[in-house]
Amino acid sequence: MSDRIYNFSPGPATLPYDVLIQAAKDIVNFNDKGIGLIEMSHRSKEFIQVFDECEALLRELLSIPQNYKVLFLQGGASTQFAMVPMNLLGQGRTACYLNTGTWSKKAIKEAKLFGTVDVVFTSEHTNFDRVPSTGDYMIPAEAEYLYFVSNNTIFGTQFQSMPETDKVMVCDMSSDILSRRIDVSRFGLIFAGAQKNMGPAGCTVVIIREDLLDRAPENIPTMFRYKTHADKHSMFNTPPCFAIYAIGLVLKWLKNIGGVAAIEKMNQDKATLLYQAIDNSSFYKGHAQKDSRSLMNITFNLPTPDLEAKFVNEATAVSLDGLRGHRSVGGCRASIYNAFPREGVKKLVHFMEEFAKHNG
Ligand SMILES: *Cc1c(COP(=O)(O)O)cnc(C)c1O
């Protein structure tokens, strides 16, 4: 598609073009049934099939064990910041959090409403330029769970390997789910907003080990209980139908290109191109420490904020869009999730070299 720009947006983010074309068609007339996808009952035979396929593909691609439920919820990843402690914590009990950026900070704030929060690691004093290795913190014996964010979308850091603990692990994987292989059985609960690496906004996927469903105290409202949604197969109320459908298409696309192991290699390759461009120049400086670098969000600075603004503007003019860093940190950020094409990364690398030559 010649009129498509390269979209480096951190989320909602770029999706495979074929998925967009298929969705555009199905919104108007689903499977030639004379009814549009977004006007169909969520209890119709057609939609149930869409739903079941989506869940089956997710289970297959992530090798989700049988004793885990997969939930498709609304409210965004941010609602999970409260739902997790509502269901798994409780007054007088303690949870352990790793503070690696904006999203963990927000989760910590919510958890404090429900119990005691022990923040055993923070990289705030170095502007969240790193994530810890397992030896960098101690988990108290009484902790109900260890909470962390696997990829810090705003600061561009990522756990290269997951923490080692015998505690229940709870992970916000909003910005790197399906980007690399993971062992789901090591986690108690994984959640992810769809709009970074899975589909459009409007759906949050929760993968929860079954034995955790019964932990919620009696006074948790119905809609905020994981068990409500698990028992009703995410159909206690109207689920986010369109988002679930579109996630299904993205999962099919991912399976067709070889699944998670294949995309992991492509993600490594794409990120390496960009980090090499940063490391080979004295003009650009990466924000993340090298052993904490994200394969999804590449954050970097130029010598001055003025040059950063100029860089973003000139990039936009040549269809390299969405490179401005998050308003809380400044600088530049290239978000290159699963669906972001390698050609776009190469074009950015070339642009960076030219820009440095003319402005360095
Ligand atoms: C974007 C993001 C969120 C917030 O997602 P919403 O769906 O907007 O609530 C939470 N965590 C991480 C890691 C994110 O990247």
Side-chain angles (χ1 to χ4, degrees), residues 7-15 71-86 97-111 113 121-124 128-132 145-160 162-163 169-180 182 187 189-207 223-224 229 234 239-240 242-244 246-247 250 267 271 287-288 292-299 322 324-329 333-340:
N7 173 15
F8 290 92
S9 165
T14 201
L15 290 171
L71 314 177
F72 296 90
L73 306 181
Q74 305 198 44
S78 299
T79 295
Q80 296 308 311
F81 301 164
M83 251 176 105
V84 164
M86 259 187 193
Y97 278 66
L98 305 179
N99 184 18
T100 55
T102 308
W103 299 117
S104 55
K105 257 178 108 163
K106 289 189 172 189
I108 288 165
K109 176 166 177 263
E110 298 304 298
L113 299 170
F121 173 87
T122 178
S123 49
E124 190 161 17
F128 296 116
D129 65 345
R130 57 181 287 248
V131 295
Y145 59 81
L146 170 69
Y147 181 106
F148 71 105
V149 181
S150 54
N151 182 71
N152 296 280
T153 326
I154 291 175
F155 296 93
T157 64
Q158 185 175 30
F159 283 79
Q160 249 106 88
M162 299 297 180
M169 280 208 291
V170 175
C171 185
D172 176 356
M173 285 193 198
S174 293
S175 52
D176 68 352
I177 192 163
L178 293 161
S179 71
R180 56 175 169 171
I182 53 163
F187 297 84
L189 190 154
I190 293 167
F191 68 87
Q195 71 272 23
K196 272 89 189 215
N197 220 4
M198 274 190 294
C203 181
T204 305
V205 169
V206 174
I207 303 166
M223 276 296 285
F224 296 108
H229 303 286
S234 304
F242 174 71
I244 292 168
I247 292 169
V250 172
N267 287 332
H287 175 72
S292 295
R293 283 175 161 178
S294 168
L295 300 186
M296 300 277 97
N297 312 96
I298 283 92
T299 47
R324 194 183 307 278
H326 190 267
R327 59 193 182 282
S328 64
V329 283
R333 170 175 53 170
S335 298
I336 49 169
Y337 302 114
N338 286 357
F340 192 93

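Just follow the structure's listing: the first ligand is 1, and inside any ligand the first atom is 1. When reading the values below, keep in mind they use all heavy atoms of this one structure, side chains included, and skip hydrogens, waters and symmetry mates.
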- prompt: Taking any residue with a non-hydrogen atom under 4.0 angstrom from an atom of ligand 1, which ones do you get?
  reply: Gly76, Ala77, Ser78, Phe81, Trp103, Val149, Asn151, Thr153, Asp172, Ser174, Ser175, Gln195, Lys196
message: Just to verify, which of Phe155, Phe121, Phe148 counts as forming a side chain to side chain contact (heavy atoms under 4.5 Å, CB included) with Thr100?
response: Phe121
task: Tell me, please, which residues at least two apart from Asp172 pass side chain to side chain donor-acceptor pair (under 3.5 Å).
output: Ser174
Distance-only polar pair, side chains of Asn99 and Ser104, donor-acceptor under 3.5 Å: yes
Partners passing ring pair (Phe, Tyr, Trp, His ring centres under 6.0 Å) against Tyr97 (at least two apart in sequence or in another chain): Tyr145, Tyr147
task: Examine distances only and state if a side-chain atom of His229 and a backbone atom of Phe72 form a donor-acceptor pair shorter than 3.5 Å.
output: no
statement: Sequence neighbours excluded, the answer for salt bridge (Lys or Arg N to Asp or Glu O under 4.0 Å) partners of Arg333 is none
